[in-house]
Amino acid sequence: MIRSIRAMLHAELRALDGGIGRCQDFLFDDTSWAIRYMVADTRKWLPGRKVLISPSALEDWDWQTDEIPVRLSQDAIETCPPLTSDMPVSRQYEVAIAKYYQWPSYWHGPHLWGAGMTPFAESMVATKPLETIEAPGESNLRSVKEVSGYHIQAVDDTAGHVDDFLLERDTWAIRYLVVDTGNWLPGRKVLISPAWADTIDWKRNRVSVGMARKAIETSPVYDPEHGLPSRDEETALHRHYDFKPYWRDGV
């Protein structure tokens, strides 16, 4: 099941015992393009804190109420290892909150989520917080808000910019970048899989893809007003670019 990240931004977050704020952002791993955390806006409740919630603790977004249920208590969130709003997310901090919440560690194991293919686990909350957090280190986490607007660089020319991200609900993997072709083809949006991207240039704010602009120009049109892509439409898209569908790999 495919979900639009843009549609989920600003959704209300409902913990087991009450509201905790809104969905502010998502952080993805730039090596696998999987969403690792949702960033919660809890400024009225926990000022100055950056609250990260793993997909392991998230129920499916309810588009009718624009609400995302969170399988955590307010107390568990309030007493989790603190991370200030301007502090980068290090692997040391990820270890700390994974131990605190008893979340599975996605960085250990052969699959997208370490030992498994999905982020969901039975045990959600630990009995007590950790006493200390190690110093920050290098991180592969990137903000979807940061990458929104990045230019798409084809092999022969630019081909628009990133307008949205479509994720697979079960695995929380980003399956497509929604590309707005802008002034080149006004009003037209297309889908490109991040698996087809060659490089991400963080300094130049662009994503390079190994295909000609003509291939992007003639690809199937994506119209969010008509709903998210069906499996038949995904199949047609992969056939157009001559790439193997991700669902045949089981990832």
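In what follows, residues are counted from 1 in the order of the sequence shown. The basis for the numbers below is simple: all heavy atoms, side chains too, and nothing from hydrogens, waters or symmetry mates.
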Student: State whether R6 and D163 are salt-bridged, where the test is any N-O pair (Lys NZ or Arg NE/NH1/NH2 against Asp/Glu carboxylate O) under 4.0 Å.
Tutor: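 A salt bridge is present here (some side-chain N lies under 4.0 Å from a carboxylate O).
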Student: Would you say the side chain of I5 lies within less than 4.5 Å of the side chain of L166, judging by non-hydrogen atoms?
Tutor: no
Student: Taking the side chain as every heavy atom from C-beta outward, state whether L237 and V190 have any pair of such atoms under 4.5 Å apart.
Tutor: no
Student: Ring-plane angle category for W196 and F243, please: parallel below 30°, perpendicular beyond 60°, tilted otherwise.
Tutor: parallel
Student: Are the side chains of V95 and W107 in contact, using a 4.5 Å heavy-atom criterion?
Tutor: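 They are in contact (side-chain heavy atoms under 4.5 Å apart), so the answer is yes.
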Student: Could you tell me whether the side chain of H111 and the main chain of T118 form a donor-acceptor pair under 3.5 Å?
Tutor: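 Between the backbone of T118 and the side chain of H111 there is no qualifying donor-acceptor contact (under 3.5 Å).
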Student: Are any side-chain N or O atoms of D198 and backbone N or O atoms of G210, one a donor and one an acceptor, separated by less than 3.5 Å?
Tutor: yes
Student: Is there a side-chain contact between C23 and L13 (heavy atoms, below 4.5 Å)?
Tutor: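 Yes, their side chains come closer than 4.5 Å.
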Student: On a heavy-atom basis, which atom in A173 and which in L112 lie closest, and how many Å separate them?
Tutor: CB-CD2, 3.9 Å
Student: Looking only at side chains, do Y100 and T79 share a donor and an acceptor under 3.5 Å apart?
Tutor: yes
Student: Looking at A76, is its backbone amide N or carbonyl O close enough to the side chain of S73 to form a donor-acceptor pair, meaning the two atoms are under 3.5 Å apart?
Tutor: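 It does hold such a pair.
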Student: Within a strict 4.5 Å, meaning less than it, do heavy atoms of the V162 and V144 side chains meet?
Tutor: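 Heavy-atom side-chain distance check fails, nothing below 4.5 Å.
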Student: Enumerate the residue pairs fulfilling side chain to side chain donor-acceptor pair (under 3.5 Å) with a member in residues 14-24, sequence neighbours excluded, ordered by first and then second residue.
Tutor: E12-R22
Student: Side chains of I35 and L27: closer than 4.5 Å at any heavy-atom pair?
Tutor: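 In short, these two side chains do not touch, never coming nearer than 4.5 Å.
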Student: Using 4.0 Å as the upper bound for N to carboxylate O, is an ion pair formed by D60 and R169?
Tutor: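 Yes, this pair counts.
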Student: For the backbone of P81 and the side chain of Y93, can you confirm whether one donor and one acceptor N or O come within less than 3.5 Å of each other?
Tutor: yes
Student: Both conditions, 6.0 Å and 45 degrees, for the charged tip of R175 above the ring of Y246: are they met here?
Tutor: yes
Student: Is the charged tip of R142 near the ring of W202: under 6.0 Å from the six-membered ring centre and within 45° of its axis?
Tutor: yes
Student: Run D66 and W61 through side chain to side chain donor-acceptor pair (under 3.5 Å) and show every step you take.
Tutor: CA-CA 7 Å; D66 195 21; W61 170 60; 3.1 Å; yes
Student: Indicate, with yes or no, if the rings of W113 and H108 have centres closer together than 6.0 Å.
Tutor: no
Student: Would you call W247 and R231 a side-chain contact if the rule is heavy atoms closer than 4.5 Å?
Tutor: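 A side-chain contact exists here, since the closest heavy-atom pair is under 4.5 Å.
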Student: Can you name the closest pair of heavy atoms from F165 and V178 and give their distance?
Tutor: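 Minimum heavy-atom contact is N-CG2, 4.5 Å.
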Student: Does S4 reach the main-chain N or O of A7 with its side chain, forming a donor-acceptor pair under 3.5 Å?
Tutor: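 A pair under 3.5 Å: yes.
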Student: Would L16 end up clustered with I77 when hydrophobic side chains under 4.5 Å apart are linked, directly or stepwise?
Tutor: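 In one cluster with L16: I77, no.
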